[in-house]
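Chain letters run A, B, ... following the sequence lines, proteins first and then strands; every chain starts at 1.
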Amino acid sequence: MPDAAATPHRWAGSPPNGWQVLRRNRVAMFCFWYLVVVALAAIFVPVFLPAEVKMVSESSYVPPSWCEGGISHHLLGTDVNGQDLFYRLLTGARVSLGVGLVAALVSLIIGGTYGMISGYAGGRVDGGMMRLVDILNSVPSLLFVMIFIAAFDGYFTDALDGLRLWGQREQWGWMEAWAGAMIPYKRIFLLVLSLGFIQWLTMARIVRGQVLVLKELAFVTASRAMGQRGWSIIWKHLWPNLSTIVLTYLTLTIPAVIRDESFLSFLGLGIEDPAASWGSLLKDGAQVINPLDSKWWLLAFPAGLMSTSLLALNFLGDGLRDAFDPRSSD
Amino acid sequence: MFAFILRRFLSSLVVLGFVVSLTFLLSVSQKGGPFEREKLSAAAKAERESKYQLDGSKWSQLERYVKRLLRGDLNVSLRYQDLSVTEVLGQKLPNSLILGGSAFVIAAVGGVAMGFVAAMRKDSALDVTSMFFALAAISIPSFITGPLFVALFGLKLGWLPIGGFGTIPQLIMPSICLALPFLAYVARLTRNSLLDVKSQNYMRTAKAKGLDDATALARHAMKVAILPVVTYLGPMAAYVLTGSFVVESVFNISGLGMVFVNAIQNTDPFLLTGAVVVYSALLVFFNFVVDVMYTFLDKRIQLHA
C-alpha cells in the first residue's frame with residue numbers, strides 16, 4: 001500500500017451519510033418523485049373525477065380523446081364494458097401499490113423476525129434455519145399461492161358474506177355495508193397474505209447477515225454485561241441499526257410483490273372485475289390484440305404506467321442499496 | 001463426498017414429499033369439493049366421490065393418493081374425459097421443456113456474456129447502458145413484453161410468427177420473452193461478482209505477469225465469480241417455470257403451464273397435483289445437480305456430511 005499521506009487526493013472529513021449519497025443520486029431522486037406523483041394521483045384524482053366516468057357505459061372501445069372518434073371526457077378511452085381507462089388505471093394503481101406495500105410489510109415482519117432469531121441464535125439453529133430458507137428459495141412458491149387462493153377463495157367469500165348477514169341481523173348498518181362492499185375485493189386480502197408469506201426469504205437472509213455482524217460489536221457486549229436480556233438487546237440495539245438496510249430491501253420487495261400480483265391477475269387468479277389492478281387491465285388489453293382492429297390503448301397505457309412504476313421502484317431501491325449497503329453485490 | 005450427496009438426495013426426497021402432500025391437501029379442500037359445480041344429488045355426488053377415491057377424510061384421501069403415486073399411478077383427470085393424468089402431462093410436457101429449456105440456456109449464457117463484457121469495460125458507455133437495460137428488463141415482467149412483442153414484431157412488422165409452436169422461428173419470441181428478466185439478473189450478478197474478484201491480489205499478480213484484461217478475467221476471475229451465478233441457477237429454474245405460465249398463455253402454447261392454470265380453475269385435484277409432482281421432481285433434481293456441481297466448482301468448501 002502506498003503511503004496515504006503522499007497521495008494528492010487525500011480524503012478528509014467525515015464519511016458520507018447514506019441519505020446524502022442518496023440525495024446526490026439524481027436517477028434515484030427522480031424515481032422517488034415520480035412514485036410520489038403516481039401514488040398521490042392514484043389516491044386523490046379518482047375522488048375528483050365526475051361520476052359518469054366511473055360507471056359502466058354504452059360506449060365501449062372508445063379510443064383516447066385526442067384520437068379520431070374519441071370522447072372528451074374519456075381521456076384514455078374505454079374498455080369492452082365502456083369503463084373509463086384513466087379511472088381504472090388509477091384505481092388499479094391503488095390496488096397494485098397497496099397490495100405491494102402491505103404485502104412487503106408482511107414479509108418484513110416475517111423475514112425480519114426470522115432473520116433476527118437465526119442470526120442472534122447462531123450455531124446449529126442458524127444453520128438449520130438458513131437451510132430451510134435455501135430449500136424454500138428453490139420451491140416455485142407462486143404455484144402454492146395459486147393453489148392456496150383457489151382453495152380458500154370460497155371459504156373467505158362465505159366468511160365475508162356471513163359478516164354481512166350478521167350485520168344485517170343485528171342492524172349494524174356499517175358492518176353490512178362494509179362486508180358487502182368488500183366481497184368484490186376479497187382476493188386482495190388473500191393476495192396480501194400469501195404474497196407476504198412467500199416474499200420474506202431475501203429479507204430474512206439480509207437481516208440475519210447484519211445481525212451476525214452487529215451482535216459481535218462492543219456496544220452489544222457492553223449491554224449484555226450490564227444484564228440486558230436477548231429480546232431487549234434485539235429491539236433496543238440491533239433493530240435501530242438495521243432500519244436503513246431494511247428500508248432498502250423493503251423498497252426492492254414492493255416491485256417483486258406487484259409483479260407477482262399482476263402475474264396472478266393476468267392469469268385470472270388474482271384481482272377480478274369489478275376491482276382492477278394493473279395485471280388485470282393488461283390481461284384485458286392482451287386479449288383484444290388482433291391484426292385487424294387494434295385497440296392499442298388498452299395495452300399501451302397499463303403497460304406504460306406499470307413498467308415505469310416498477311422501473312422507478314427498482315431504481316430507487318438500487319439507489320438506496322448503493323447508499324446504505326455498498327458492500328452487497330447482487 | 002458420497003455421504004454428502006446421499007444426505008442431499010434424502011433431504012430432496014423429504015422436500016418432494018412435503019410439497020406433494022401440501023398440494024394434494026390444498027387442492028382437495030376447495031370449498032364444496034371438485035364436484036360442486038355439477039349440481040349433483042347427494043347420492044350421485046357420493047358415488048362419484050367414491051369412484052375417484054375422493055371420499056372419507058382428507059388424510060385418508062392423501063394416504064390412498066400417495067400409495068398410488070408410489071406405484072407410479074397419478075390417477076385420472078376429472079375434466080379431460082377421464083384421461084389418465086400421465087397421458088395429459090406426457091402430451092404437454094415436451095413443449096414446456098423446450099420453451100423453458102431454451103429460455104434457461106439463453107438467460108444463463110447470454111447473461112454471463114453480457115455481465116463479462118460490462119465488467120471488462122467498467123464505467124464505459126457500454127457498461128452503463130447495458131446495466132440500465134438490465135435493470136429495465138428485470139423490472140418489466142414478461143406479461144408486458146409478451147403482448148408488446150406480439151403487437152410489434154408479430155403484427156406490425158411481421159417478422160416472426162405469433163402463434164403455433166414447434167419450429168425455430170416460432171420459438172424465438174416466447175423464449176426470449178421468458179428469458180429476458182433472468183438474463184438481465186444473471187448479467188448484473190456476473191458483472192458485480194467479477195468486479196469484486198477483480199480487486200483481489202491474485203488478479204494483480206495475473207496482470208503483473210503480463211496477461212491482458214480479457215484473459216485474466218476469463219481464466220482467473222471467472223472461476224470464482226461464476227459461483228454466485230451457479231447458486232442462482234436453482235431459484236432461476238423455479239422462476240422460469242412459473243414465468244412460462246404467462247408466456248404460454250400469451251403465445252398460445254399448449255404446455256404444462258396452461259394445464260396447471262386450467263386445473264386450478266376447473267378444480268381438477270389429480271391433474272393439479274400431478275403437474276406439481278412433475279414440476280417439483282424436475283426442480284428438486286435440478287437443485288440437487290446444482291448443489292453437487294457447486295461443491296465440485298468451489299474448492300474452498302469443506303464438506304462435513
Side-chain angles (χ1 to χ4, degrees), chain A residues 27 131 134-144 146-158 201 255 258-260 262-263 265-269 278-279 282-283 285-287 289-291 294 296 299-300 302-304 306-315 318 327-330, chain B residues 11 15 19 22-23 25-32 36 135-136 138-148 150-151 154-156 162 185 188-189 192-193 195-196 228 232 234-235 237-239 241-243 245-246 249-250 257 260-261 264-265 267 272 275-276 279-280 283-284 286-287 290:
Chain A
V27 179
R131 177 85 189 112
D134 282 348
I135 291 173
L136 289 178
N137 226 336
S138 56
V139 170
S141 39
L142 264 183
L143 297 189
F144 283 100
M146 294 172 169
I147 301 170
F148 175 84
I149 288 177
F152 288 97
D153 200 26
Y155 298 110
F156 205 72
T157 317
D158 278 8
L201 299 173
I258 293 179
R259 211 178 40 214
D260 285 353
S262 308
F263 172 89
S265 302
F266 188 88
L267 290 174
L269 298 164
W278 288 338
L282 273 167
K283 178 187 71 178
Q287 274 167 355
I289 317 179
N290 65 64
S294 149
W296 57 271
L299 188 60
M306 182 172 173
S307 35
T308 48
S309 305
L310 288 182
L311 201 58
L313 276 164
N314 274 327
F315 269 114
D318 247 31
R327 282 286 311 142
S328 85
S329 62
D330 64 19
Chain B
S11 84
V15 174
V19 163
L22 184 65
T23 312
L25 286 176
L26 278 176
S27 63
V28 293
S29 38
Q30 215 153 342
K31 189 174 155 279
E36 173 79 355
L135 193 56
I138 290 176
S139 312
I140 302 171
S142 48
F143 49 85
I144 294 186
T145 49
L148 290 182
V150 170
L155 299 175
K156 198 99 186 171
I162 54 166
Y185 193 86
R188 275 164 61 100
L189 208 57
N192 292 340
S193 155
L195 291 180
D196 260 5
Y232 179 62
Y239 295 141
L241 188 153
T242 36
F245 288 17
V246 273
S249 123
V250 168
F260 182 85
V261 173
I264 286 188
Q265 280 163 342
T267 49
L272 185 63
V276 171
Y279 278 148
S280 27
L283 282 177
V284 160
F286 185 79
N287 273 293
V290 167

**Message:** Does any part of the side chain of Thr242(B), heavy atoms only, come nearer than 4.5 Å to the side chain of Met146(A), both counted from C-beta?
**Reply:** no
**Fill in**
Okay, Val28(B) and chain A: the region with an atom under 4.5 Å from a heavy atom over there is neither
**Message:** Would you say that Arg259(A) contacts Ser139(B) through its side chain, given a criterion of any heavy-atom pair below 4.5 Å between the two side chains?
**Reply:** no
**Item:** Nearest atoms (heavy-atom pairs only) where Pro141(B) meets Met306(A)
**Value:** CG-CE, 4.0 Å
**Portion of Phe263(A) that has a non-hydrogen atom of chain B nearer than 4.5 angstrom** = both
**Asked** Excluding sequence neighbours, so at least two apart, what forms ring-ring contact (aromatic ring centres under 6.0 Å, His included) with Phe286(B)?
**Response** Phe104(B)
**Message:** Which atoms of Leu282(A) are under 4.5 Å from chain B, going by heavy atoms: the side chain, the backbone, both sets, or neither?
**Reply:** side chain
**Asked** In terms of heavy-atom proximity below 4.5 Å to chain A, should Leu272(B) be classed as side chain, backbone, both, or neither?
**Response** side chain
**Message:** Are Leu142(A) and Tyr239(B) packed together at the side-chain level, in the sense that at least one heavy-atom pair is separated by less than 4.5 angstrom?
**Reply:** no
**Under 4.5 Å from a heavy atom of chain A, the part of Ser249(B) involved** = side chain
**Asked** Asp134(A): what forms a salt bridge (charged side-chain N to carboxylate O under 4.0 Å, His left out) with it, not counting sequence neighbours?
**Response** none
**Asked** Going from CZ on Phe144(A) to OG1 on Thr23(B), what distance comes out if it is rounded to the nearest 0.5 angstrom?
**Response** 4.0 Å
**Prompt:** Stepwise, does the side-chain contact (heavy atoms from CB on, under 4.5 Å) test hold for Leu22(B) with Phe148(A)?
**Reply:** CA-CA 10 Å; Leu22(B) 184 65; Phe148(A) 175 84; over 6 Å; no
**Message:** Could you report the tightest heavy-atom contact between Tyr155(A) and Ser29(B), atom names first, then the distance?
**Reply:** OH-O, 2.7 Å
**Item:** Part of Leu283(B) lying under 4.5 Å from any heavy atom of chain A
**Value:** side chain
**Message:** Within the 4.5 Å heavy-atom criterion, are Leu267(A) and Phe143(B) side-chain neighbours or not?
**Reply:** no
**Prompt:** Under a 4.5 Å heavy-atom cut-off, does chain A meet the side chain of Tyr232(B), its backbone, both or neither?
**Reply:** neither
**Message:** Quick check on side chain to side chain contact (heavy atoms under 4.5 Å, CB included): which of Pro302(A), Ser307(A), Ser262(A) does Ile144(B) satisfy it with?
**Reply:** Ser307(A)
**Request:** Would you mind checking which part of Pro235(B) comes under 4.5 Å of any heavy atom in chain A, side chain (CB onward), backbone (N, CA, C, O), both or neither?
**Result:** both
**Fill in**
Note: Arg131(A) and Ser11(B) closest approach over all heavy atoms is NH2-OG, 3.7 Å
**Prompt:** Which heavy atom of Ala286(A) sits nearest a heavy atom of Pro147(B), and at what distance?
**Reply:** CB-CG, 3.9 Å
**Item:** Part of Asp318(A) within contact of chain B (heavy atom distance under 4.5 Å)
**Value:** side chain
**Message:** Which one wins on heavy-atom pair count under 4.5 Å against chain A: Leu135(B), Val290(B), Val250(B)?
**Reply:** Leu135(B)
**Asked** Can you check whether Ile147(A) reaches Val276(B) side chain to side chain, under 4.5 Å on heavy atoms?
**Response** yes
**Prompt:** Could you state the interatomic distance from CZ (Phe245(B)) to CG (Leu269(A)), rounded to the nearest 0.5 Å?
**Reply:** 9.5 Å
**Request:** Could you check if a side-chain atom of Ile140(B) sits within less than 4.5 angstrom of a side-chain atom of Leu310(A), using non-hydrogen atoms only?
**Result:** no
**Message:** Does any backbone or side-chain atom of Ile135(A) lie under 4.5 Å from a heavy atom of chain B? Answer side chain, backbone, both or neither.
**Reply:** side chain
**Prompt:** What part of Val246(B) is in contact with chain A, defined as an atom under 4.5 angstrom from a non-hydrogen atom: side chain, backbone, both or neither?
**Reply:** both
**Item:** Part of Phe152(A) within contact of chain B (heavy atom distance under 4.5 Å)
**Value:** side chain
